[in-house]
Amino acid sequence: NQAQVNANNLGYTTGCTNPIVTGNYLDGGTALSLNSCSGVTMTGNTFIGAISGFSQSQFPSNSYYSSPPTTGLQVFVRPNAYEAGRANITLYNWDLQNSVLVDLSSLLSVGTYYEVRNAQNYFAPPVLSGTYDGNPVTFPMTGLTPATPVGVATPAPTGPRFNAFILTSTLGPYEFYDVPQSNPYHAAIHTAALNGITAGCGGGDFCPDASVSRAQMAVFLLKAEHGAAYSPPPATGNVFSDVPANAFAAAWIEQLFTEGISGGCGDEDFCPNAPITRAQMAVFLLKASQGPGYTPPTASGTVFADVPSSGFAAAWIEDLAARGITAGCGGENFCPASFNTRAQMAVFLVRAFGLS
């Protein structure tokens, strides 16, 4: 709140009990007024201006400033939790520059079309629009007029010191809202989508942290092996007892069996809904990319700290590392029993099949 005549008032006239105030950046004539509140937890806040109803010594784990800074820039980028591709952007421009550069890589991928609107006059034409190229975007801090409320005069502009914006965006080709340019898996996920291996998990998202089921893996592997246009023969429903002909990915699962890539999970079952582990992925990847008859070199047990030579799929895991397909999960480990995520899957497929 930048208004110099109003306070951020917690408790008002009725008080409050056990409020948690954390991580706020409050700028105003009175940055915060605390009224008849008990059990207050208040940490990690920045207060610019006066405070009322409490003292700094009561809540020392905050930053207090009696007057606004004269230099610097504070940028707050907050993705909208309910609408993909939308975000709120708040700028405190203490340098009083006419414009500031904002990094949008945490929100957008290259090729995404975006519009930026003045939050104080949302229905005016966008103040910015274009196709994101990966570079910081110049936001205007002057020349922005607030909307006129009904019955009162138009408020004075808050720039260049402060402005708030709303960003909306439309995806570019083979991009996903939850995999912006800054995501370390972006390149692999984009390449997997470009090659027709995946269209995401729905709603413009990819769900990079979700685990991959054995049924989904059948589709991913065969598309990576044969190409996006590949379609397996119709399912018979007679291969695995838990995969009827009308089950999700039934044809792909049976084709995986036909090609000798997977014999199932035991007892004539395939366990299609079970998440696949990183160790299992190593076997599937190499059998699909190198042929079902492929046998990796004997494991040494010295490549990953958590993969002894006698461990399940140790030879396959070490071969995956030798081919540069994986460097493990960090700390000299491979995490063989961890579930394989969709983001990791994209990396494995791109590298194993040489996709570009």
Side-chain angles (χ1 to χ4, degrees), residues 1-3 6-10 19-28 31-32 41-49 61-63 65 68-69 72-95 97 99-110 112-124 126-141 144 146-147 155 157-172 175-186 203-209:
N1 177 17
Q2 192 203 17
N6 295 321
N8 295 293
N9 193 319
L10 185 60
I20 298 175
V21 185
T22 183
N24 298 285
Y25 192 88
L26 300 173
D27 165 36
L32 181 64
T41 299
M42 191 153 57
T43 60
N45 302 284
T46 297
F47 299 116
I48 302 172
S61 299
N62 300 280
S63 298
Y65 300 92
L73 174 68
Q74 287 288 337
V75 178
F76 298 94
V77 176
R78 185 177 183 181
N80 189 298
Y82 306 101
E83 182 178 337
R86 186 184 181 105
N88 299 327
I89 300 171
T90 305
L91 304 176
Y92 285 90
N93 175 31
W94 303 119
D95 292 320
Q97 298 296 313
S99 62
V100 299
L101 290 174
V102 179
D103 181 3
L104 299 179
S105 63
S106 64
L107 300 171
L108 306 176
S109 297
V110 171
T112 298
Y113 176 78
Y114 65 90
E115 291 186 346
V116 175
R117 295 179 181 273
N118 179 8
Q120 300 178 67
N121 195 354
Y122 184 81
F123 294 105
V127 298
L128 290 172
S129 63
T131 301
Y132 184 60
D133 63 2
N135 294 311
V137 175
T138 301
F139 276 60
M141 295 301 292
L144 302 176
T158 58
R161 173 177 156 173
F162 168 88
N163 274 308
F165 302 91
I166 297 172
L167 176 143
T168 57
S169 61
T170 303
L171 287 171
E175 298 290 351
F176 302 95
Y177 287 122
D178 57 353
V179 188
Q181 197 74 22
S182 59
N183 189 299
Y185 294 99
H186 174 269
D205 287 339
F206 183 77
C207 304
D209 298 325

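- Contact annotation: the side chain of Asn93 never approaches that of Asn163 to less than 4.5 Å [non-hydrogen atoms, C-beta and beyond].
- Asp103 contributes a side-chain N or O that, together with a main-chain N or O of Ser105, makes up a donor-acceptor pair within less than 3.5 Å.
- Going from atom OG1 of Thr46 over to atom CG of Asn24 covers 9.0 Å, rounded to the nearest 0.5 Å.
- Looking at Pro19 and Leu10, their side chains come closer than 4.5 Å, going by heavy atoms from C-beta outward.
- For the residue pair Ala84 and Gly203, the shortest heavy atom distance occurs at CB-O, 4.5 Å.
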- Test side chain to side chain contact (heavy atoms under 4.5 Å, CB included) on Asn121 and Leu144 and set out the steps. CA-CA 8 Å; Asn121 195 354; Leu144 302 176; over 6 Å; no

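- From Leu171, atom CG reaches atom OG1 of Thr112 across 5.5 Å, with rounding to the nearest 0.5 Å.
- For Asp205 (side chain) and Cys207 (main-chain N/O), no donor-acceptor pair under 3.5 Å exists by modelled atom type.
- Between Phe206 and Phe176, the angle of the ring planes lies from 30° to 60°, which puts this pair in the tilted group.
- Summarising the geometry, atom CD1 belonging to Ile48 is positioned 7.5 Å from atom CD belonging to Gln74; distances are rounded to the nearest 0.5 Å.
- Contact annotation: the side chain of Val116 never approaches that of Pro126 to less than 4.5 Å [non-hydrogen atoms, C-beta and beyond].
- Rounding to the nearest 0.5 angstrom, the gap separating the CG atom in Leu128 from the CG atom in Leu167 is 9.0 Å.
- In this structure, a donor-acceptor pair under 3.5 Å is absent between the side chains of Gln120 and Tyr122.
- Shown here for Pro79 and Ala87, the closest heavy-atom pair between the two residues is CA-CB, 3.8 Å.
- Ring geometry for Phe76 against Tyr25 counts as tilted: the plane angle lies between 30° and 60°, on a 0 to 90° scale.
- Residues Val77 and Leu107 form a side-chain contact, since some pair of their non-hydrogen atoms from C-beta on lies under 4.5 Å apart.
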- Could you walk me through whether Arg86 and Ile166 pass the side chain to side chain contact (heavy atoms under 4.5 Å, CB included) test, one step at a time? CA-CA 7 Å; Arg86 186 184 181 105; Ile166 297 172; 3.7 Å; yes

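- Remark: side-chain polar atoms of Arg117 are paired, donor with acceptor, to backbone N or O of Ala124 under 3.5 angstrom.
- Side-chain contact check for Asp178 versus Asn183: every heavy-atom pair is 4.5 Å or farther apart.
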- Item | Ser109/Glu175 under side-chain hydrogen bond (donor to acceptor under 3.5 Å, both in side chains): CA gap, chis, key distance, verdict | CA-CA 7 Å; Ser109 297; Glu175 298 290 351; 3.1 Å; yes

- side chain to side chain contact (heavy atoms under 4.5 Å, CB included) between Phe165 and Val127, intermediate numbers included: CA-CA 9 Å; Phe165 302 91; Val127 298; 4.0 Å; yes

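- Screening Thr43, Thr22, Asn45 for a side-chain hydrogen bond (donor to acceptor under 3.5 Å, both in side chains) involving Asn62 leaves a single residue, Asn45.
- Contact record, Gly85 with Ser169: O-OG, 2.9 Å, taken as the closest heavy-atom pair.
- Counting only heavy atoms from C-beta outward, the side chains of Arg78 and Thr90 never approach each other to under 4.5 Å.
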- Evaluation steps, side chain to side chain contact (heavy atoms under 4.5 Å, CB included), between Tyr92 and Arg161: CA-CA 6 Å; Tyr92 285 90; Arg161 173 177 156 173; 5.6 Å; no

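- We find the CG-CG distance between Asn8 and Leu26 to be 5.0 Å, quoted to the nearest 0.5 Å.
- The aromatic rings of Tyr114 and Tyr132 lie perpendicular to each other, with more than 60° between the two planes, well past the 30° mark.
- A donor-acceptor pair under 3.5 Å links the side-chain atoms of Gln181 to the main chain of Val110, judged by distance alone.
- Distance check: Thr131 OG1 to Tyr113 OH gives 7.5 Å after rounding to the nearest 0.5 Å.
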